[in-house]
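Step one of this worksheet: look at the structure below.
It should be emphasised that the depicted structure is a prediction, and the values quoted were computed from it without experimental measurement.
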Amino acid sequence: MKVYNTLTRRKEEFIPLEKPLVKMYVCGPTVYDHAHLGHGRTYVAFDLIRRYLEHRNYIVRFVMNFTDIDDKIIDRSKREGVPIEDLTNKYIRSFLEDMEKLGVKGAHVYPRVSEHIEDIIHFIEVLIKKGYAYVSRGGVYFHVKKFKDYGKLSNVKLEEEKIHRVKDPYKKDPADFALWKFAKPGEPSWDSPWGRGRPAWHIECSTMAIKYLGECFDIHGGGSDLIFPHHENEIAQSEAYTGKSPWVKYWIHTGFVTVNEEKMSKSLGNYVTLKEVLKRYDPEVVRLFLLQRHYRSPLEYSEEGLKDTVNTLERLYNTLENIDAILRDAEVKYKLEKVEREVQNTITDLWAKFYSAMDDDFNTPEALKCVFEVSTCVNRYITESNRPNRSTLLLARDFFMTFGEIFGIFRRYYEGTGEDERFKHLVDILVHIRNKLRRERNYPLADEIREELKKIGIQLEDTPKGTIWKRMV
RNA sequence: GCCAGGGUAGUCUAGUCUGGCGAGGCGGCGGACUGCAGAUCCGCUUUAGGAGGGUUCAAAUCCCUCCCCUGGCUCCA
């Protein structure tokens, strides 16, 4: 399996540090507002990666933080007159709700900055002791020049570059960044050996990741906008702290969602919240929409694109329903004809291709091609075969279920359909009666049965080989 | 300015690392099937690669030049 590593700017063979265990940390949101589609994209992408790794028999330990102390949160709380904790709780809840709807599997730990102040203080103390950080009048800073590998992730060069960060007269060097900020009036603050204050942005992730995953781990990810300065600074802090390198083996970054080719962002105001999107579209449509593009490429958001995906997903569900409908009466064959063997070969070949696409840096668009090809293949088989073989249909169904599990769609098939045998019999009885009516050319009554069944989500379809019924999508 | 990533049919998206008949979705049109409905299948749309050079038996893919777009360098998923 190959994974693109931002650190080396190329695909690398994926070999986790401790064989079946994969330790993975993803930068979570700063919780001062509802999440938008861009956030959704990133977390769905990492969810897919996690699911695929699990599918490939890795045990994934997954940590995602919440940044609940930050300038914007403080601003927002002041503006709205809402206590910080109420605000952050509200948006954490909102975020988790959205993720749940999107079918993003939960993290094993969701560390919040506000709950890890002690750890952060200790971390900073070590950095000071080791000579990587200094106390100044504005707070505690990381002295970038001390860390010789600075820039290895984002490719920034300290010498020729005037990395102008937040203007701060108390820094030794403009490239230095804050670890601890002294409190200004009205800001939340905690006691520390250097004075009351609060942790700065980057330190939290280093501290919490190391606390929960250890001094070195496998995957660290987030949106591409975090590469610099956030992740660059995390590396500096963490490797300075542990004295070990590399801190993280694989850095994975997701591309942006764009609107008219511009990055979707709060500041540009061109965003749609996940709540809005999920109100208008089935969560699985949103997921498929996001996974139809490779996770590192920019993804253009458009209403049209989403609508296309509605049809795309419907087609996949139809295929599944076609299989299930035929499966009800299909029997196992004990000898396969040539066509039959070819269909099975095609499916297994495509299944293998599906895996190699996924193995190649989680190439979901390429993997999806295989899914569509299996779809066409099995539909054709159903259309052309006089007596489809149960085993062949099950093979196709297994493939779809595997695909669904990895992509996080077809959820309703896993959650159960709520049908029992008697229900199925009942439908069969109605179908039988209706066909009698049709033979008698009593179409009004036959159509009425079909209409009524449609109302409870059962669709009857008359095919040349007889009537089949499906659950409606 | 520095760094990173792009430009593929009507449209969206793969393939570029590792050169070898350019793939898939959606849309549109036509056909098969059909009491109607629905689903599905088949065919067409389909000699598409930003521009120009070069290397090669062979270039979307490698090299050079140019044009255009986006992102990071201040908070960001």
Salt bridge or not for Glu373(A) and Lys369(A), using N-O below 4.0 Å?
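Salt bridge flag = no for Lys369(A) with Glu373(A).
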
In whole Å, what is the span from the OH atom of Tyr4(A) to the P atom of rG5(B)?
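Rounding to the nearest Å, OH of Tyr4(A) and P of rG5(B) are 5 Å apart.
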
C1' atoms of rU47(B) and rC21(B), separation to the nearest Å:
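So the two C1' atoms sit 12 Å from each other.
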
Please measure how far the C1' atom in rG22(B) lies from the corresponding atom in rU8(B), and state the result in whole Å.
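9 Å, rounded to whole Å.
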
So what's [N] paired with, Watson-Crick or G-U wobble, going by both distances under 3.5 Å?
N: rA14(B); answer: none
N: rA4(B); answer: rU70(B)
N: rU65(B); answer: rA51(B)

rG38(B) phosphate, OP1 or OP2: any side-chain N/O from Arg450(A) under 4.0 angstrom?
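The answer is no; no side-chain N or O of Arg450(A) sits under 4.0 Å from OP1 or OP2.
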
Using a cut-off of strictly less than 4.0 Å, decide whether Arg315(A) has a side-chain nitrogen or oxygen near OP1 or OP2 of rG25(B).
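Looking at the OP1 and OP2 atoms of rG25(B), one of them is under 4.0 Å from a side-chain N or O of Arg315(A).
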
With a non-hydrogen cut-off below 4.0 angstrom, is Arg434(A) in contact with a base, only sugar-phosphate, or nothing?
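Base contact.
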
What does Ser302(A) touch in the nucleic acid at a heavy-atom separation under 4.0 angstrom: a base, only the sugar-phosphate, or nothing?
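Counting heavy atoms under 4.0 Å across all strands, no contact is made by Ser302(A).
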
In Å, rounded to the nearest 0.5 Å, how long is the span from OG of Ser189(A) to CD of Glu187(A)?
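One finds 8.0 Å between OG of Ser189(A) and CD of Glu187(A).
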
For residues 88-99 of chain A, pull every pair meeting salt bridge (charged side-chain N to carboxylate O under 4.0 Å, His left out), keeping only residues two or more places apart or in separate chains.
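Passing the test, one end in residues 88-99 of chain A: Glu97(A)-Lys275(A), Asp98(A)-Lys275(A).
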
